[in-house]
Amino acid sequence: MERSDRVLILGARGLVGSAFHRLLLQENFTNVVACGRRELDITDARAVLDYFRQVKPDYVLMAAGKVGGIHANSAFPWNFAYDNIVMASNVLEAVRQNGAKKVLMLGSTCIYPRLAPQPIQEESLLSGPLEPTNQWYAIAKIAGIKLGQALRRQHGISVIAAMPTNLYGPNDNFQPEYSHVLPALLHRFHAAKEQAVPKVEIWGTGSPRREFLYVDDLAAALLLLFQVYDDEQIINVGTGQDLEIRELVSLVAETVGYQGDVWYDKHRPDGSPRKQTDSTRLFELGWKPQVELREGLRHTYDWYLTALAQRALRGLVQDNFRAEI
Ligand SMILES: NC(=O)c1ccc[n+]([C@@H]2O[C@H](COP(=O)([O-])OP(=O)(O)OC[C@H]3O[C@@H](n4cnc5c(N)ncnc54)[C@H](OP(=O)(O)O)[C@@H]3O)[C@@H](O)[C@H]2O)c1
């Protein structure tokens with residue numbers, strides 16, 4: 001991969017896309033095309049073909065997608081299934097027609113079977129039933145991975161797929177209807193602190209275990225994969241270190257400085273009991289995470305406070321957000 005190669009980032013204003021963009025700029029890549037929804041609606045097949053014909057990317061990071069936590073998945077199953085399948089197929093068909101040196105698709109550890117043996121290895125994909133709360137998203141993501149593998153086998157195009165663990169960092173989605181557990185907690189504890197709310201409700205029992213990766217660490221892994229990885233086999237990107245949601249809750253409350261109580265609503269779904277990743281394959285390529293959870297949370301909260309003050313958080317009605325109690 002040359003620094004003058006044209007690198008197209010789809011989903012460039014999202015959590016992953018923006019982190020990868022920052023990294024390429026730091027690394028002096030000179031021909032980066034950062035594409036967000038404003039520039040291209042990736043569900044529009046004709047527009048995607050036209051865009052690829054015009055831009056002619058050498059490398060493509062497919063970081064656009066319909067992404068969200070348990071609430072969003074159960075509220076919008078059609079969007080999670082349809083949008084993600086259509087976006088993956090539109091991008092890969094445009095690559096089939098126009099060629100590219102390498103395409104990196106993003107899956108997620110959420111797409112492994114609910115009861116996959118821990119830590120989860122790449123071979124677990126499609127080895128058992130999915131977690132019902134995010135099955136729509138999982139099926140769509142698996143379809144995207146399989147389309148990429150088919151494109152590689154039939155047309156010889158280098159399509160690779162990374163499976164990141166739970167991510168967090170700047171430009172995350174803090175909208176309560178869409179956010180994942182970590183940004184949801186940051187936002188909720190911050191609102192509760194500001195409004196002196198005595199008690200914050202947390203969904204589920206607090207006992208599931210989750211792993212978290214700071215998004216800049218993911219960006220470094222993606223760049224390494226573009227540079228050295230060329231295999232049909234999907235590849236995990238995680239720390240291998242997980243913790244109970246209950247422990248995460250304490251860390252977030254401490255980061256935000258919230259001193260009230262928490263209450264676990266055990267009638268709400270927990271999701272998978274555990275999703276610890278085995279990233280041995282990636283570690284062997286020379287990557288390892290640099291940002292420890294406590295430090296990453298601090299950076300993310302600092303970013304959140306600045307974005308909130310500048311009214312730059314996506315989608316939030318910032319003058320009127322309230323903590324649920
Ligand atoms: N976040 C995680 O914890 C996590 C973990 C593992 C894997 N991943 C995977 O990483 C990828 C990126 O996730 P992310 O967390 O960066 O999500 P994100 O912050 O929501 O970013 C996704 C981006 O995709 C864009 N997008 C959505 N629909 C689009 C459309 N029709 N046309 C063009 N752009 C569209 C969104 O634009 P708008 O903002 O304008 O809608 C958004 O900027 C996804 O494939 C996700 O499955 C994420």
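None of the values given here were measured: they were computed from a predicted structure. We count ligands from 1, going down the list as the structure has it; atoms in each ligand are counted the same way.
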Chemist: Under a 4.0 Å heavy-atom limit, does V67 contact ligand 1 with its side chain, its backbone, both, or neither?
Modeler: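 Within the 4.0 Å criterion, V67 contacts ligand 1 through side-chain atoms alone.
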
Chemist: Could you list the atoms of ligand 1 found under 4.0 angstrom from a heavy atom of L167?
Modeler: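 Per the distance check, 2 (C), 3 (O), 4 (C), 5 (C), 48 (C).
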
Chemist: Examine V16 against ligand 1 and note whether any of their N/O atoms are separated by less than 3.5 Å.
Modeler: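 There is such a contact, yes.
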
Chemist: Pairing donors with acceptors under 3.5 angstrom, does anything connect the side chains of Q121 and D278?
Modeler: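 Yes, because at least one side-chain N or O of Q121 sits under 3.5 Å from a partner of the opposite role on D278.
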
Chemist: Once the angle between the rings of Y137 and F80 is folded into 0 to 90°, is it parallel (under 30°), tilted (30 to 60°) or perpendicular (over 60°)?
Modeler: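 Perpendicular, since the angle between the ring planes exceeds 60°.
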
Chemist: Any protein heavy atom sitting closer than 4.0 Å to atom 48 (C) of ligand 1?
Modeler: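 So far as the 4.0 Å threshold goes, atom 48 (C) of ligand 1 is in reach of a protein heavy atom.
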
Chemist: Can you check whether F20 and F226 have ring centres sitting under 6.0 Å from each other?
Modeler: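 Here the rings of F226 and F20 have centres that are less than 6.0 Å from each other.
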
Chemist: Side chains of E2 and S4: is there a donor and an acceptor less than 3.5 Å apart?
Modeler: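 Absent: no donor and acceptor within the cut-off.
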
Chemist: So which protein heavy atom does atom 38 (P) of ligand 1 come closest to, and at what separation?
Modeler: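 Answer for atom 38 (P) of ligand 1: R37 NE, 3.6 Å.
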
Chemist: Tell me whether ligand 1 is touched by K141 - counting only heavy atoms on the residue side and a distance under 4.0 Å.
Modeler: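 Contact present.
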
Chemist: Can you find an N/O atom of I42 closer than 3.5 Å to an N/O atom of ligand 1?
Modeler: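 N/O-N/O distance under 3.5 Å: yes.
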
Chemist: Any idea which of G11, G144, A63 brings a heavy atom closest to atom 22 (C) of ligand 1?
Modeler: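 Comparing heavy atoms across G11, G144, A63, the nearest one to atom 22 (C) of ligand 1 lies in A63.
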
Chemist: Should K275 and E211 count as an ion pair when the cut-off is N to O under 4.0 Å?
Modeler: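 A salt bridge is absent here (no side-chain N lies under 4.0 Å from a carboxylate O).
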
Chemist: Does R188 make a cation-pi contact with Y258, if we ask for NZ or CZ under 6.0 Å from the ring centre and within 45° of the axis?
Modeler: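 Judged by the rule (NZ or CZ under 6.0 Å from the ring centre, within 45° of its axis), R188 is not positioned above Y258.
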
Chemist: Pick whichever of S108, S18, G14, A19 has a heavy atom sitting closest to atom 42 (C) of ligand 1.
Modeler: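 Among S108, S18, G14, A19, the closest heavy atom to atom 42 (C) of ligand 1 comes from G14.
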
Chemist: Indicate, as side chain, backbone, both or neither, the part of R38 found under 4.0 angstrom from ligand 1 when only non-hydrogen atoms are considered.
Modeler: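 No part of R38 comes within reach of ligand 1.
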
Chemist: As an exercise, identify every atom of ligand 1 less than 4.0 angstrom from a heavy atom of L106.
Modeler: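 Per the distance check, 10 (O), 11 (C), 45 (O).
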
Chemist: Given the rule in the side chain to side chain contact (heavy atoms under 4.5 Å, CB included) test, do Y214 and T300 qualify, once you have shown the distances and angles that lead to the verdict?
Modeler: CA-CA 9 Å; Y214 190 62; T300 306; 3.6 Å; yes

Chemist: For H180, take its heavy atoms, then give the atoms of ligand 1 lying under 4.0 Å from any of them.
Modeler: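 With H180 as reference, the close atoms of ligand 1 come out as 1 (N), 2 (C), 3 (O).
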
Chemist: Would one find more than 12 heavy atoms of other residues, nucleotides or ligands at under 6.0 Å from atom CH2 of W136?
Modeler: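 No, not enclosed.
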
Chemist: If you compare all heavy atoms of G68 against all heavy atoms of H180, which two are closest, and at what distance to 0.1 Å?
Modeler: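 Closest pair (atom of G68, atom of H180, distance): O-NE2, 3.2 Å.
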
Chemist: Say whether D41, considering both its backbone and side-chain N or O atoms, lies within less than 3.5 Å of an N or O atom on ligand 1.
Modeler: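 Yes: some nitrogen or oxygen of D41 is under 3.5 Å from one in ligand 1.
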
Chemist: Considering only heavy atoms, which of G169, P183, P164 lies nearest to atom 6 (C) of ligand 1?
Modeler: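 Checking each option, the heavy atom nearest atom 6 (C) of ligand 1 is found in P164.
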
Chemist: Contact between ligand 1 and Y137 is defined here as a heavy atom of the residue under 4.0 Å from a ligand atom; is it met?
Modeler: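 So Y137 counts as touching ligand 1.
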
Chemist: To check your reading of the model: name the closest protein heavy atom to atom 20 (O) of ligand 1, its residue, and the distance in Å.
Modeler: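 Nearest protein contact, heavy atoms only, for atom 20 (O) of ligand 1 is R314 NH1, 3.2 Å.
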
Chemist: Could you tell me whether some N/O pair between G65 and ligand 1 is separated by less than 3.5 angstrom?
Modeler: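 Indeed, backbone or side chain, G65 has an N or O that close.
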
Chemist: Would you give the length of the straight line joining atom CG of L224 to atom CG of L285, rounded to the nearest 0.5 angstrom?
Modeler: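 The CG atom of L224 sits 5.5 Å away from the CG atom of L285.
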
Chemist: If the threshold is 4.0 Å, N to carboxylate O, is there a salt bridge linking R96 and E93?
Modeler: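 Yes, charged N to carboxylate O under 4.0 Å.
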
Chemist: Applying a strict 4.0 Å limit to heavy atoms, is K66 in contact with ligand 1?
Modeler: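 Judged by the 4.0 Å heavy-atom criterion, K66 does not count as contacting ligand 1.
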
Chemist: Is ligand 1 under 4.0 Å from a heavy atom in the side chain of L40, in the backbone, in both, or in neither?
Modeler: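 L40 to ligand 1: backbone contact only, side chain stays beyond 4.0 Å.
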
Chemist: So for G107, does at least one of its heavy atoms come nearer than 4.0 angstrom to any atom of ligand 1?
Modeler: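 It does, in that a heavy atom of G107 comes within the 4.0 Å cut-off of ligand 1.
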
Chemist: Counting only heavy atoms closer than 4.0 Å, does ligand 1 sit against the backbone of M87, its side chain, both, or neither?
Modeler: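 Side chain only.
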
Chemist: Taking atom CZ as the centre, does R3 end up with more than 12 heavy-atom neighbours from other residues, nucleotides or ligands that are less than 6.0 angstrom away?
Modeler: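 Yes, CZ of R3 has more than 12 neighbouring heavy atoms, counting only those of other groups under 6.0 Å.
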
Chemist: Using heavy-atom distances only, which candidate in C110, A64, A138 approaches atom 35 (C) of ligand 1 most closely?
Modeler: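 That would be A64.
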
Chemist: Using a 4.0 Å heavy-atom cut-off, which part of T165 comes near ligand 1: side chain, backbone, both, or neither?
Modeler: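 Contact part for T165 vs ligand 1: backbone (N, CA, C, O).
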
Chemist: Would you check if there is a donor-acceptor pair between the side chains of H190 and Y301 at a distance under 3.5 Å?
Modeler: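 Side-chain D/A pair, Y301 to H190: present.
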
Chemist: Closer than 4.0 angstrom: is that true for some heavy atom of T43 and an atom of ligand 1?
Modeler: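 Flag set, T43 near ligand 1.
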
Chemist: Please determine if K101 and D230 form a salt bridge, counting it only when a charged side-chain N lies under 4.0 Å from a carboxylate O.
Modeler: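 Not counted as a salt bridge, because no side-chain N and carboxylate O are separated by less than 4.0 Å.
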
